[in-house]
There are 2 protein chains.
Amino acid sequence: MSLDLSVDRSSPVPLYFQLSQQLEAAIEHGELTPGSLLGNEIELAGRLGLSRPTVRQAIQSLVDKGLLVRRRGVGTQVVHSKVKRPLELSSLYDDLEAAGQRPATKVLVNTVVPATAEVAAALGVAEGSEVHRVERLRLAHGEPMAYLCNHLPPGLVDLDTGQLEATGLYRLMRAAGITLHSARQSIGARAATAEEAERLGEHEGAPLLTMERTTFDDTGRAVEFGTHTYRPSRYSFEFQLLVRS
Amino acid sequence: MSLDLSVDRSSPVPLYFQLSQQLEAAIEHGELTPGSLLGNEIELAGRLGLSRPTVRQAIQSLVDKGLLVRRRGVGTQVVHSKVKRPLELSSLYDDLEAAGQRPATKVLVNTVVPATAEVAAALGVAEGSEVHRVERLRLAHGEPMAYLCNHLPPGLVDLDTGQLEATGLYRLMRAAGITLHSARQSIGARAATAEEAERLGEHEGAPLLTMERTTFDDTGRAVEFGTHTYRPSRYSFEFQLLVRS
DNA sequence: TCAATGCGTATGTCCGGACAATCGAACTAC
DNA sequence: GTAGTTCGATTGTCCGGACATACGCATTGA
């Protein structure tokens with residue numbers, strides 16, 4: 001019942017990556033059942049005509065994803081639990097689209113303003129210097145779901161209102177050649193103010209789910225600071241996380 | 001200004017791990033300043049008397065942690081932004097202790113009950129079968145901060161009330177030989193019921209931050225299902241996450 | 001002046017081998 | 001029968017080398 005694995009040495013795709021993708025697909029399709037052993041690395045390498053380090057690299061990437069578990073003296077097993085996705089740095093837009101919700105966006109504000117103390121601190125710019133400010137309403141099935149307020153340092157991205165309504169902010173940033181690296185997030189809750197309630201179609205004092213995020217590129221520059229509020233009846237943060245060991 | 005790195009070959013600690021720890025410490029202490037190049041791998045390996053794969057393994061582990069960035073043809077640089085911690089699967093108890101808050105725990109309930117449909121589904125046991133139920137109140141500075149309700153399958157851990165008040169649930173599970181692997185979480189918000197408000201010292205209808213979590217061990221078994229409510233004025237989820245690339 | 005080219009450098013990928021550490025099971029001794 | 005021991009199997013660590021690939025910079029050419 002052994003899998004028919006194969007690699008294409010003429011492909012520019014790295015061999016370990018080809019192998020890891022095939023293994024991941026096999027797990028996804030149930031050809032490798034949870035709990036089953038993967039066969040030892042030496043034999044697997046010999047069967048594929050690869051070296052052991054290459055096979056190990058492929059396996060390791062799946063272990064990092066939480067799909068496999070290695071046990072010394074035993075072997076490598078497929079993890080039982082279904083791993084979904086490990087809380088990526090994804091935009092709400094991508095989240096909704098992946099869920100098949102076809103999100104709609106309404107740009108409320110798209111302008112340049114002097115940075116407040118809070119925004120200046122988050123973005124690492126001088127207080128009062130000009131920054132982009134974007135306020136958006138995210139709708140699903142015609143109902144407001146979240147209010148998104150973002151600030152960006154100047155000169156990074158061309159913020160076209162039309163594009164902002166057609167796609168997510170992160171896609172625009174990536175398209176502008178920005179390499180997103182990490183983000184600091186804070187998730188909390190609070191009661192809605194009258195203004196917030198109005199925007200989201202809730203009543204004043206209703207509980208809101210809040211998220212603050214500062215995103216950095218790979219040079220360590222802050223490239224975005226967002227303050228978001230969600231209607232908890234319509235949205236919650238769902239994710240899977242792995243134990244770092 | 002080169003760092004004085006060294007490895008102890010007689011130590012049972014893997015060489016790559018010794019190196020990665022020293023590099024991490026150097027970054028932490030500012031001896032390696034953000035943006036600075038790390039020096040090429042070949043030379044570094046030669047200087048330490050290690051092979052290049054070993055040095056690469058050390059560097060890679062720090063890249064995975066978000067501390068370093070590699071650029072082909074350029075070198076390896078220290079990331080500017082201060083990386084805190086990447087949302088580990090840590091207990092609230094550990095979180096608070098790390099923040100120097102000396103958390104207190106009050107065990108409200110520690111008993112065995114028949115599993116409700118929700119609990120049975122989460123833990124993968126038969127509905128109505130016996131499961132442990134633990135209800136705790138977590139306090140900081142004498143003030144209630146969170147209400148924690150957990151269900152565990154039988155026979156896994158010896159749930160001693162005294163130990164539950166002295167430490168966190170995860171520590172007990174780890175001490176019982178359980179290898180935590182992953183967890184599915186959901187973070188949301190809602191208005192407090194009268195009972196919840198009473199427990200946490202809030203008023204009815206006040207916004208609460210909620211978290212539901214099912215934890216799995218490395219065999220894929222569900223080992224814990226928790227339903228937690230937090231006072232948003234006292235607690236929020238803060239974490240840093242990396243872009244998977 | 002500006003764009004295209006070439007080159008050095010550093011990381012990315014891959015190989016084949018060696019020994020150590022650990023787990024589980026079969027085996028042995030009491 | 002039970003407990004301790006040995007042993008095979010498998011992953012963990014480490015080595016030294018080779019070639020590919022991409023980036024930045026200097027040189028060259030229009």
Side-chain angles (χ1 to χ4, degrees), chain A residues 2 5-23 35-64 67-79 177 179 217-219 245, chain B residues 2 5-23 35-64 67-79 177-179 181 217-219 245:
Chain A
S2 70
L5 298 166
S6 62
V7 291
D8 174 11
R9 300 196 87 95
S10 69
S11 164
V13 177
L15 300 178
Y16 77 89
F17 193 75
Q18 292 182 39
L19 177 54
S20 72
Q21 279 193 319
Q22 289 182 41
L23 289 174
S36 64
L37 273 310
L38 199 58
N40 75 61
E41 298 169 350
I42 310 275
E43 187 268 341
L44 191 55
R47 186 146 59 92
L48 287 166
L50 297 174
S51 69
R52 191 184 161 211
T54 302
V55 172
R56 275 184 68 79
Q57 194 173 359
I59 292 176
Q60 188 59 48
S61 71
L62 297 180
V63 171
D64 291 340
L67 293 170
L68 299 177
V69 174
R70 317 178 90 141
R71 288 173 204 275
R72 197 189 298 214
V74 178
T76 305
Q77 295 181 311
V78 180
V79 170
T179 307
D217 73 358
D218 58 358
T219 70
S245 54
Chain B
S2 70
L5 298 166
S6 61
V7 292
D8 175 11
R9 300 197 87 96
S10 67
S11 164
V13 177
L15 300 178
Y16 77 89
F17 192 74
Q18 293 183 37
L19 178 53
S20 72
Q21 278 193 319
Q22 288 182 42
L23 290 174
S36 63
L37 274 310
L38 199 59
N40 76 59
E41 298 169 350
I42 309 275
E43 186 269 341
L44 191 55
R47 187 145 58 93
L48 287 166
L50 298 174
S51 69
R52 189 182 162 212
T54 302
V55 172
R56 275 184 69 79
Q57 194 173 1
I59 292 177
Q60 188 60 48
S61 71
L62 297 181
V63 171
D64 292 339
L67 293 170
L68 299 177
V69 174
R70 317 177 91 140
R71 289 173 202 275
R72 196 190 311 217
V74 179
T76 305
Q77 297 181 311
V78 179
V79 170
I178 297 174
T179 307
H181 177 261
D217 73 358
D218 58 358
T219 70
S245 54

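Chain letters run A, B, ... following the sequence lines, proteins first, then strands; residues in each count from 1.
- The shortest side-chain heavy-atom distance between A:L50 and A:L44 does not fall under the 4.5 Å cut-off.
- One distance of note links CZ of B:R56 with CD1 of B:I42; it measures 9.5 Å at 0.5 Å rounding.
- If you take CD of A:E41 and C1' of D:dT13, they are 12 Å apart, rounded to a whole angstrom.
- Here D:dT11 presents its P atom at 11 Å from CG of A:L68, a figure rounded to the nearest Å.
- Taking side-chain N and O atoms only, A:T76 has a distance below 4.0 Å to OP1 or OP2 of D:dT11.
- Whole-Å rounding puts the A:E43 CD to D:dA9 P distance at 13 Å.
- Note: CD (B:Q57) to P (D:dG12) measures 10 Å, nearest angstrom.
- Separating the CG atom of B:L62 from the P atom of C:dT11 is a distance of 14 Å, rounded to the nearest angstrom.
- B:Y16 has no side-chain polar atom (N or O) that falls below the 4.0 Å cut-off from OP1 or OP2 of D:dC14.
- For C:dG12, the OP1/OP2 oxygens have a side-chain nitrogen or oxygen of B:R70 closer than 4.0 Å.
- The phosphate of C:dC14 (OP1 or OP2) has no side-chain N or O of B:R52 nearer than 4.0 angstrom.
- Comparing B:I59 and A:R71, the nucleotide of DNA chain C nearest to each residue sits closer to the 5' end for B:I59.
- Smallest separation of non-hydrogen atoms from A:V13 and A:S11: N-OG, 2.9 Å.
- Nucleic acid contact for A:P53: base, since at least one base atom lies under 4.0 Å from a heavy atom of the residue.
- Residue A:L44 contributes atom CG, which lies 12 Å from atom P of D:dT10 at whole-angstrom precision.
- The CG atom of B:L19 sits 10 Å away from the P atom of D:dC14 (whole-angstrom rounding).
- Taking every side-chain heavy atom of A:T54 into account, C:dC15 is the closest of C:dC15, D:dC14, D:dA18.
- Listed candidates were D:dT11, D:dC23, C:dT13. Nearest to the side chain of A:R72 is D:dT11.
- Ranked by how close their nearest DNA chain D nucleotide is to the 5' end, A:G75 and A:P12 are led by A:G75.
- In this structure, A:R56 does not reach the D:dC14 phosphate: none of its side-chain N or O atoms is under 4.0 Å from OP1 or OP2.
- Straight-line distance from the CG atom of B:L37 to the C1' atom of C:dA10: 10 Å, rounded to whole Å.
- Between B:V7 and B:T54, the closest side-chain pair of non-hydrogen atoms is not below 4.5 Å.
- For B:N40, the side-chain atoms get nearest to C:dA10 when compared with the rest of D:dT13, C:dA10, C:dC23.
- If you check D:dC15, D:dG12, D:dT13 against the side chain of B:S51, the one that comes closest is D:dC15.
- Between A:L15 and A:L19 there is no side-chain heavy-atom pair separated by less than 4.5 Å.
- Of the candidates D:dC14, C:dG24, C:dT13, D:dC14 carries the atom nearest the B:L15 side chain, counting heavy atoms from C-beta on.
- Between B:V63 and B:L68 the shortest side-chain heavy-atom distance falls below 4.5 Å.
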